Each structure stands twice: as structure tokens, then as C-alpha cells.
Participant: 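Please see the structure below; I have some questions.
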2 protein chains.
Amino acid sequence: MSLSHAILTALIDENLTGYELAKQFDVSLGFFWQASHQQIYRELKQLHEQDYVAVEEVPQLGKPDKRVYSLTAAGQQMLEAWILAPTRSRNPKDELFIKLYNVGLVPIASIIAAIDQRQDEHRRKLALYRKIESRSYADPASLSDRKKGIYLSLLAGIRQEETGLGWCIDARKLLASVDT
Amino acid sequence: MSLSHAILTALIDENLTGYELAKQFDVSLGFFWQASHQQIYRELKQLHEQDYVAVEEVPQLGKPDKRVYSLTAAGQQMLEAWILAPTRSRNPKDELFIKLYNVGLVPIASIIAAIDQRQDEHRRKLALYRKIESRSYADPASLSDRKKGIYLSLLAGIRQEETGLGWCIDARKLLASVDT
DNA sequence: CGGTACATGTAATCTGTTACATGATTCA
DNA sequence: TGAATCATGTAACAGATTACATGTACCG
């Protein structure tokens, strides 16, 4: 599965602890692939058993010892092979649409409330992504190759949020004609 | 979880067998919530234990007996309560972006191939959604309330695919400036 | 004194995927 | 004859979520 590949990807540039990886998965890569710390620790254990990552134990004063993970040659090879393989497309799952199939069953206000909630989420994410864009990716053509790839992910995020936001507005308009 | 709610939603208008439900989950509702027949049979068993659905066994000639499921009053109440509750937003997971974070690690042609594959998927889905739109939802304002909800789901699908398709085209352009 | 950050994990449960299993009918 | 459709399921495994568990340090 792909959590392992996401972890290996994060380890290309820097060596990280499980804790630091979990934080990475709350931002950046985490915009497109989320994982909890429990998943990450479990996955790191398995990656280590297969020698795709190496560990260095770093004792610390007053804190638990750190376990700093780094990518091995085998790990990088595995990652490269996975990139060449066909990409599995995610099956979409969105509760909001199940709710929309039930217009007429419940007061329309409750459906509209769900759309408003979604609209807020889109707005928050869009603001965040645009901030990152203007800070680090203002001139895409002059970016390094690696940054171009990351920029394209960000661009996909921006457009998805814009599309979602626009849809929320139009959905509200159409639902205004529904009573109850 | 929401598979149960998707099943109850499908049972509002018609009584269905597990097999028929599985087919529904390949189209319509399935555009936004996918499930395999194994999941559906398991879920139906649980829904029945909780009395959210009722079963009628229908003997058939030459075929295995059918088990036709219908929504109970308790099931409908449960569904209504769920619609009123806050909508959990799905954590996004898309392998393609993990691959994009690795531009520079592998020949760029392999990343472009992944984008082309995605572009095809968008095109296929878009063509399908537009066909459904022109057949059944050409005049949104005149639809029944229930159909309006379903139409909005379809509209979201159409826009998502359009956005994805546009992104693929732009991604290809930017990656044209990357060598190797 | 309470909350947040640092830092690592286990256990139980819930979902999802893949493979296996059966058997009739219809269409090309 | 072989593939597709109808119709139901079990079993094993993989992946994700939620709750539990521990303990220090620093900031206000």
C-alpha cells in the first residue's frame, strides 16, 4: 500500500523520527495523504524489518530516546519501482453526496447546513494553500525540478478547493427552490 | 460508518437484494461511494440484526433464493438522524501526488505517464456524467426535489472531472520543462 | 496548576480488498 | 463451448480509526 511510499518519500531529503513524520503528515504531503501517528509507527516498524529504512537511536536528556529513520538504498529502489508501476485511483467516498440523495426526506435546512459546513472547509483550505503558493511558489517556471512536482500538487489542491467552493454556492442556489 | 447510510438511502425508493444493491454501487450512488458485494452482504447482515432493514426470502425457480431487503421505520429514523449530524470530511488520499513529490528521482517520462493515465480516467468519467446529465437532468430547475439533490451530486462529479482534466493538461505543460 | 509539545507505543475494533466457493441460465 | 449474468455467501488479510497508556519539559 501507499503509506509506506509516502513515508519513504518524506525521508528522501531528511532523516526523521516517527513523531516528526506524523507532523509532516499534517501538512504538505498530508494535504494529499493523511495518516495518524499510530499508522506511521506501525508502518515504520515494518519498513525497518524489510530494510527499507535504517534507524539510529538517539538518547536524549529528560525526554524519551529518539528513533531517527533514514532511507536505505533498498528503500529508494523500492520507491522508484513503485513510481513506475500503474497508479491506483482512489475510489471516491464523500458522505455529503449520500446526504444529497436524501433531499426530501429531511428538512432542507439540515442539508443546507451540511453544504455550509463544507463551504467553510473549502474556504479554509483554499486560504492556506494560496498562502503557501504566494510564499514559496509564486514563479512556477523558475522552480527546481523537485519543487515543480510539489507545486503541481499544491495547484491541484487549490483548484479542487476552488471547484468545491463554487459548487457549494451553486448548490445553495438550486436548493433555495426546495421547501420544507 | 457511512456504507450503512448509503445502503439505507438506496432502499428508500425500492426494495432491493444484496446483488441489486451491489449493482447500484457501480453506478449512480457508486460515483460518490463505492463498495464491493462482500462489504454490502456483510453490512446488510448487521443492518438486519439491528432491525434497520427487513428481509423477505423469495424462492425462485432455477436460481438461488432471493433475499429482498426493505427499509424499516427504525432504519429511516436512523438515517434521518445521521443526516442531521455533522458531516465527516474524508481525508484525501491520492497516490498521484506522492509520485509528484518524487519528480527528479525517476525519469520524468514515468511521471508524465501517470498523469496521462489520470487524464484518460477523467475523460471517461466526464463523458459518462455528461451523458447522464443530458439524458435526465437537462433542465435542473424543473426537477423534483429529490432529483435536485441527485443532480447536484452529478454536477459536483462533472466539475471535479473537468478540474482534474484541466490540471492534467497544465501539469504536462510545466513538466515539459524538466529533463531526464 | 493546566495545557501544549515532545516522544513512543499497544490493543481493540472497524473497514476494505482479495481470493475462494457454488450453481443455474442465457447469449454468441 | 465459453463468457456473462444472476445470486449468495465465507475466510483471510490489509488498512484505518479510536481508545488507552506513559512520562518530561516548558509556558503562562
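Remember, it's a predicted structure, so these values are computed and weren't measured experimentally. Below, read A as the first sequence line, B as the second, and so on, with proteins coming before strands; counting in each chain starts at 1. Because only heavy atoms are used, hydrogens play no part in the values below, and waters and symmetry mates are left out as well, while side chains stay in.
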Participant: Quick check on D/dC6: is either OP1 or OP2 less than 4.0 Å from any side-chain nitrogen or oxygen of B/Y19?
Facilitator: yes
Participant: Name the closest nucleotide to the B/K23 side chain, picking from D/dC6, C/dT8, D/dG9.
Facilitator: D/dC6
Participant: Is B/K45 close enough to D/dT10 that one of its side-chain N or O atoms is under 4.0 Å from OP1 or OP2 there?
Facilitator: yes
Participant: Could you tell me whether B/E20 contacts a base, only the sugar-phosphate backbone, or nothing, with contacts defined as non-hydrogen atoms closer than 4.0 Å?
Facilitator: nothing
Participant: Given D/dT17, D/dT8, C/dT17, which nucleotide is nearest the side-chain atoms of B/R67?
Facilitator: D/dT8
Participant: Counting only side-chain N and O atoms of B/Q39, is one of them less than 4.0 Å from OP1 or OP2 of C/dT17?
Facilitator: yes
Participant: Regarding A/E80 and A/Q76, do their side chains bring together a donor and an acceptor under 3.5 Å, going by distance alone?
Facilitator: yes
Participant: B/R42 has a side chain; which of C/dG16, C/dT18, D/dA19 sits nearest to it?
Facilitator: C/dG16
Participant: Measure from the side chain of A/S36, starting at C-beta and using heavy atoms only, and say which of C/dA7, D/dT18, C/dG9 lies closest.
Facilitator: D/dT18
Participant: Which residue is it: A/E57, A/H48, A/E56? I am looking for the one with a side-chain hydrogen bond (donor to acceptor under 3.5 Å, both in side chains) to A/R67.
Facilitator: A/E57
Participant: Quick one: on DNA chain C, does A/H37 or B/Q46 contact a more 5' nucleotide (nearest heavy atom)?
Facilitator: A/H37
Participant: Are more than 12 heavy atoms, taken from residues, nucleotides or ligands other than B/K147, located less than 6.0 Å from that residue's NZ atom?
Facilitator: no
Participant: Taking C-beta and beyond as the side chain, do A/K23 and A/V27 meet within less than 4.5 Å on heavy atoms?
Facilitator: no
